[in-house]
Colleague: 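One structure is given below, represented as structure tokens, and several questions about it will come after.
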Amino acid sequence: MTTAFVLSGGANLGAMQVGMLRALAEEGVTPDVLVGTSAGALNASFVAGRGLTVDVADELGEIWRGLSTWSLFPPSPRRIVGALFGRRTALFGDHGLRSLIEDHLAFECIEDSPIPLTVVATDLLSGDEVDIDAGPALEAILASSAIPGLLPPVERAGRLLVDGGIADNTAISRPVSRGVDTIYVLPCGYPCALAEPPAGVASTLLHTMTLLIHKRLVRDIREYSDDAELIVVPPPCPLTVGALDFSRADELIVRGYESARAFLSVDGGRRASPADTVDVHPHGADCRTE
């Protein structure tokens with residue numbers, strides 16, 4: 001029996017995966033394979049280098065609690081003006097994110113990861129999904145997290161790569177194609193209870209992307225439910241944390257943990273219709289965990 005964890009992207013909402021990972025560690029569930037996209041690639045690479053224990057999840061949580069929007073997206077008037085006039089490919093530089101990855105990455109090449117890891121990126125020209133399981137880990141994770149327009153693309157093997165969420169934010173197909181028996185899906189969800197649309201270009205862009213990729217997740221879960229045992233850990237609901245708000249990491253971690261604990265307490269998270277736990281729902285609807 002082989003177990004995979006698939007961690008989706010979600011920018012700041014990736015903090016809730018820390019709580020989910022802690023809950024899974026308490027249940028004694030550990031991954032044989034890890035697949036991560038964007039923020040999920042950051043979390044997956046951390047676990048891939050250390051294994052999954054309660055202590056590792058707590059250590060990852062401390063990292064998330066120390067993040068801020070401006071540390072990851074450092075403002076530069078010159079860069080922003082250059083981007084608006086077509087002289088730059090992104091509004092922000094990637095040195096903040098690069099430093100974060102460098103500080104906590106436990107291996108240099110992905111193939112050297114103690115737990116097999118696949119990082120998902122997107123080819124900027126073709127839109128094709130690019131699954132990276134070999135080569136420099138830093139560049140792969142940076143590419144997987146390069147939100148188009150906000151962070152610059154990363155060149156790898158002659159291709160320009162950007163955020164994997166564009167092609168496949170929750171790459172369930174990857175472990176399915178490799179014959180994995182049980183797949184734990186850790187989605188970041190979407191802000192289902194916002195009272196009004198987000199303000200600002202960056203927040204609006206991320207919110208729109210989040211809605212689109214979440215709808216694809218629901219379709220993919222339904223498509224692959226017969227090919228492997230899918231255990232889809234639902235994100236907490238209602239959720240009002242907007243895109244790029246890294247100030248509420250502690251809240252997201254705690255809520256992610258509490259939601260996952262309650263979900264896993266019923267038959268280990270197994271559900272007859274796993275997509276129902278994360279289906280798109282209107283503001284005020286109850287999150288279904290039964």
Colleague: So, taking the atom named CG in Asp227 and the one named OG in Ser177, what distance separates them when rounded to the nearest 0.5 Å?
Modeller: 10.5 Å

Colleague: Answer yes or no for Arg50 and Phe46: cation-pi contact, defined as NZ/CZ to six-membered ring centre under 6.0 Å and angle to ring axis within 45°.
Modeller: yes

Colleague: Do Asp163 and Pro148 come close enough that some side-chain heavy atom pair is under 4.5 Å?
Modeller: yes

Colleague: Do Trp64 and Asn12 have a side chain donor and acceptor closer than 3.5 Å?
Modeller: no

Colleague: Does any non-hydrogen side-chain atom of Leu24 lie less than 4.5 Å from one of Leu264?
Modeller: yes

Colleague: Testing the 3.5 Å rule here: is there a donor-acceptor pair between the side chains of Tyr184 and Glu229?
Modeller: no

Colleague: Taking the side chain as every heavy atom from C-beta outward, state whether Leu60 and Leu21 have any pair of such atoms under 4.5 Å apart.
Modeller: yes

Colleague: Do the side chains of Pro187 and Pro235 get nearer than 4.5 Å, heavy atoms only?
Modeller: yes

Colleague: With heavy-atom distances below 4.5 Å as the criterion, would you say the side chains of Asp220 and Thr170 are in contact?
Modeller: no

Colleague: Compare all side-chain heavy atoms of Leu117 with those of Ser45 and state whether any distance is below 4.5 angstrom.
Modeller: yes

Colleague: Would Arg22 and Asp58 satisfy salt bridge (Lys or Arg N to Asp or Glu O under 4.0 Å), going step by step from the backbone distance to the final call?
Modeller: CA-CA 7 Å; Arg22 193 184 203 282; Asp58 288 345; 2.8 Å; yes

Colleague: Does Tyr224 have Arg219 sitting over its ring (NZ/CZ under 6.0 Å from centre, angle to axis within 45°)?
Modeller: no

Colleague: Decide yes or no for Val120 and Ile132: does some side-chain heavy atom of the first lie under 4.5 Å from some side-chain heavy atom of the second?
Modeller: no

Colleague: Flag the pair Pro175 / Val35 as yes when at least one side-chain heavy-atom distance between them is below 4.5 Å, and no otherwise.
Modeller: yes

